[in-house]
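Accompanying notes for the structure given below.
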Amino acid sequence: MTIQQRQRAIQDKMAFISCVVPVYNEQDTIEPFFTELANRLRDITHRFEIIAIDDGSCDASLARLKAMPKEYQIKIISFSRNFGKEIALTAGLDHVSGELAILMDADFQHPTEVLPLFIEQWQQGYDMVYGVRKNRDSESKLKRGLARLFYWIMSKITKIDIPNNAGDFRLIDKKVIVALNGFQERARFMKGLYAWVGYRHIAVPFETHQRYAGKSGWGFSQLTELAITGITSFSDVPLRIWGIVGFVISVFSLIYAIYIVTVTLLYGTDLPGFPSIIVAVMFLGGIQLLSVGILGEYIARIFAEVKQRPKYLIAEQHGFDSVGP
Ligand code: UDP
Ligand code: MG
């Protein structure tokens with residue numbers, strides 16, 4: 001769409017907006033959140049859809065979603081089990097029919113007030129408008145520190161540029177949706193994929209709020225898993241670094257060997273070397289295990305990809321005219 005077409009679509013309230021919202025155990029939030037979201041969208045356009053992905057919730061989330069009024073245009077995809085937020089977003093994007101999609105969380109941490117600002121930027125010709133958190137107060141110091149460390153490592157070992165404090169809260173144009181849907185990889189690190197695809201993008205700062213109800217579905221182990229997925233999907237530095245480490249160690253070993261031979265030839269002494277041998281053996285053993293472990297991490301991911309399993313399984317879906325993929 002040209003900029004003029006985008007502007008006309010919004011002025012005439014004719015743009016078709018798809019809003020993708022992953023939902024996992026959010027029973028107390030669903031009613032207020034989707035009411036607010038639908039009202040916000042109705043102010044902007046007459047043509048919209050909300051695609052709620054129930055990511056295998058074990059509470060009443062699905063029942064509450066189904067009970068929402070028809071005019072809110074909520075379409076529901078319900079997974080056969082919990083597949084995780086990244087896959088929930090993927091499924092949502094597979095099913096959108098809009099000219100643009102907005103991705104947001106269901107827990108009010110992504111404020112709907114920001115949506116008109118996102119759309120203004122889309123009208124200006126931006127294909128991706130992403131929210132950047134002004135504050136991370138709702139998170140612990142440890143979590144913030146680890147997040148900063150992760151982004152720092154990513155910036156050093158990958159070629160993609162992932163903006164700080166940006167998450168999944170974003171607006172994406174149809175062409176970006178098509179590009180993202182073309183990715184076949186199963187281990188999906190969405191923040192990396194958004195950065196990888198490029199296109200014209202712009203940041204919009206927003207204030208995050210405390211979670212409305214319930215608790216975050218991202219524990220320490222899930223976040224660690226996501227971080228490893230991010231690194232292994234976008235960088236081969238962890239694999240290649242061992243070549244350099246091996247080279248450096250070999251050079252030192254050679255120098256040391258020359259030293260030992262020289263000392264033995266000159267002085268004919270038996271060098272007492274037991275502690276240094278133990279240290280060298282332990283050190284090299286540790287390095288070898290570490291490098292084999294990292295190799296294993298990549299092989300496990302190759303294994304997961306070659307199995308070609310479906311990314312997700314849908315148990316039920318409602319509101320779609322045709323049955324999805
Ligand atoms: N979510 C999901 N699947 C999961 C965990 C979370 O679909 O396995 C959804 C959740 O319902 C919410 C969004 O993803 O709409 C963000 O989750 P959460 O608030 O737990 O993450 P945080 O805000 O702590 O990053
Ligand atoms: Mg949240």
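For ligands, and for the atoms within them, numbers begin at 1 and follow the listed sequence.
- Atom 4 (C) of ligand 1 has Asp55 OD2, 3.4 Å as its closest protein atom, hydrogens excluded (heavy atom only).
- Judged by distance alone, the side chain of Thr232 and the main-chain N or O of Tyr298 form no donor-acceptor pair under 3.5 Å.
- Nearest to atom 8 (O) of ligand 1 among the protein's heavy atoms is Asn82 ND2, 3.1 Å.
- Defined by atom type and a distance below 3.5 Å, a donor-acceptor pair is missing between the side-chain atoms of Glu185 and Ser233.
- Between Val204 and Leu171 the shortest side-chain heavy-atom distance does not fall below 4.5 Å.
- The atoms of ligand 1 that sit less than 4.0 Å from any heavy atom of Gly84 are 3 (N), 8 (O).
- Distance from atom 24 (O) of ligand 1 to its nearest protein heavy atom, with residue and atom name: Ser216 OG, 2.6 Å.
- At a 4.0 Å heavy-atom cut-off, ligand 1 does not touch Ile53 at all.
- Residues Phe234 and Phe189 form a side-chain contact, since some pair of their non-hydrogen atoms from C-beta on lies under 4.5 Å apart.
- For ligand 1 and Asp107, the ligand atoms under 4.0 Å from any heavy atom of the residue are 19 (O), 23 (O).
- With hydrogens left out, the protein atom closest to atom 21 (O) of ligand 1 is Trp218 CD1, 2.9 Å, a heavy atom.
- Within the listing of ligand 1, atoms 10 (C), 11 (O), 12 (C), 15 (O) sit less than 4.0 angstrom from a heavy atom of Glu26.
- The structure places CG of Asn39 at 11.0 Å from CD1 of Ile44, a figure rounded to the nearest 0.5 Å.
- Of all protein heavy atoms, the one lying nearest to atom 5 (C) of ligand 1 is Tyr24 CD2, 3.7 Å.
- Nearby protein atoms of type N, O or S around the Mg ion (ligand 2) amount to 2 (distance under 2.8 Å).
- Of the polar atoms of Ala106, at least one N or O is found under 3.5 Å from an N or O of ligand 1, judged by distance alone.
- Ring planes of Phe169 and Phe206: perpendicular class, angle over 60° (limits at 30 and 60°).
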Side-chain donor-acceptor pairs of residues 79-90 under 3.5 Å, sequence neighbours excluded:
{"unit_1": "Asn82", "atom_1": "ND2", "unit_2": "Asp55", "atom_2": "O", "d": "3.0"}
{"unit_1": "Asn82", "atom_1": "ND2", "unit_2": "Asp55", "atom_2": "OD1", "d": "3.4"}
{"unit_1": "Asn82", "atom_1": "ND2", "unit_2": "Asp55", "atom_2": "OD2", "d": "3.0"}
{"unit_1": "Lys85", "atom_1": "NZ", "unit_2": "Asp105", "atom_2": "OD1", "d": "2.9"}
{"unit_1": "Lys85", "atom_1": "NZ", "unit_2": "Asp168", "atom_2": "OD2", "d": "3.1"}
{"unit_1": "Glu86", "atom_1": "OE1", "unit_2": "Met190", "atom_2": "N", "d": "2.7"}
{"unit_1": "Thr90", "atom_1": "OG1", "unit_2": "Glu86", "atom_2": "O", "d": "2.8"}
{"unit_1": "Thr90", "atom_1": "OG1", "unit_2": "Arg188", "atom_2": "NE", "d": "2.9"}

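- Of all protein heavy atoms, the one closest to atom 18 (P) of ligand 1 is Arg211 NH2, 3.5 Å.
- The backbone N or O of Gly98 sits nowhere less than 3.5 Å from a side-chain atom of Arg47 that would complete a donor-acceptor pair.
- For atom 13 (C) of ligand 1, the choice among Asp105, Val21, Ile87 with the nearest heavy atom turns out to be Asp105.
- For atom 14 (O) of ligand 1, the nearest protein heavy atom (residue, atom name, distance) is Lys85 CD, 3.3 Å.
- Salt bridge annotation for Glu99-Lys174: absent, with no cationic side-chain nitrogen under 4.0 angstrom from a carboxylate oxygen.
- Listed by number with element, the atoms of ligand 1 under 4.0 Å from a non-hydrogen atom of Gln109 are 19 (O), 23 (O).
- Counting non-hydrogen atoms of neighbouring residues, nucleotides and ligands closer than 6.0 angstrom, the CG atom of Leu284 exceeds 12 such neighbours.
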Show the numbers, then the answer: is there a salt bridge (Lys or Arg N to Asp or Glu O under 4.0 Å) between Arg301 and Glu297?
CA-CA 6 Å; Arg301 279 158 206 281; Glu297 194 62 49; 3.1 Å; yes

Side chains of residues 112-123: which donor-acceptor partners sit under 3.5 Å, not counting sequence neighbours?
{"unit_1": "Thr112", "atom_1": "OG1", "unit_2": "Glu36", "atom_2": "OE2", "d": "2.5"}
{"unit_1": "Thr112", "atom_1": "OG1", "unit_2": "Arg40", "atom_2": "NE", "d": "3.2"}
{"unit_1": "Thr112", "atom_1": "OG1", "unit_2": "Arg40", "atom_2": "NH2", "d": "3.4"}
{"unit_1": "Trp122", "atom_1": "NE1", "unit_2": "Asp173", "atom_2": "OD1", "d": "2.9"}

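- Contact check for Phe16 versus Ser97: side-chain heavy atoms found under the 4.5 Å cut-off.
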When the side chains of residues 66-73 are checked against the rest of the protein, which donor-acceptor pairs come out under 3.5 Å, sequence neighbours left out?
{"unit_1": "Lys66", "atom_1": "NZ", "unit_2": "Glu316", "atom_2": "OE1", "d": "3.1"}

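- Among protein heavy atoms, the minimum distance from atom 20 (O) of ligand 1 is reached at Gly217 N, 2.6 Å.
- Backbone and side-chain nitrogen or oxygen atoms of Pro22 are examined, and one is located within less than 3.5 angstrom of a nitrogen or oxygen of ligand 1.
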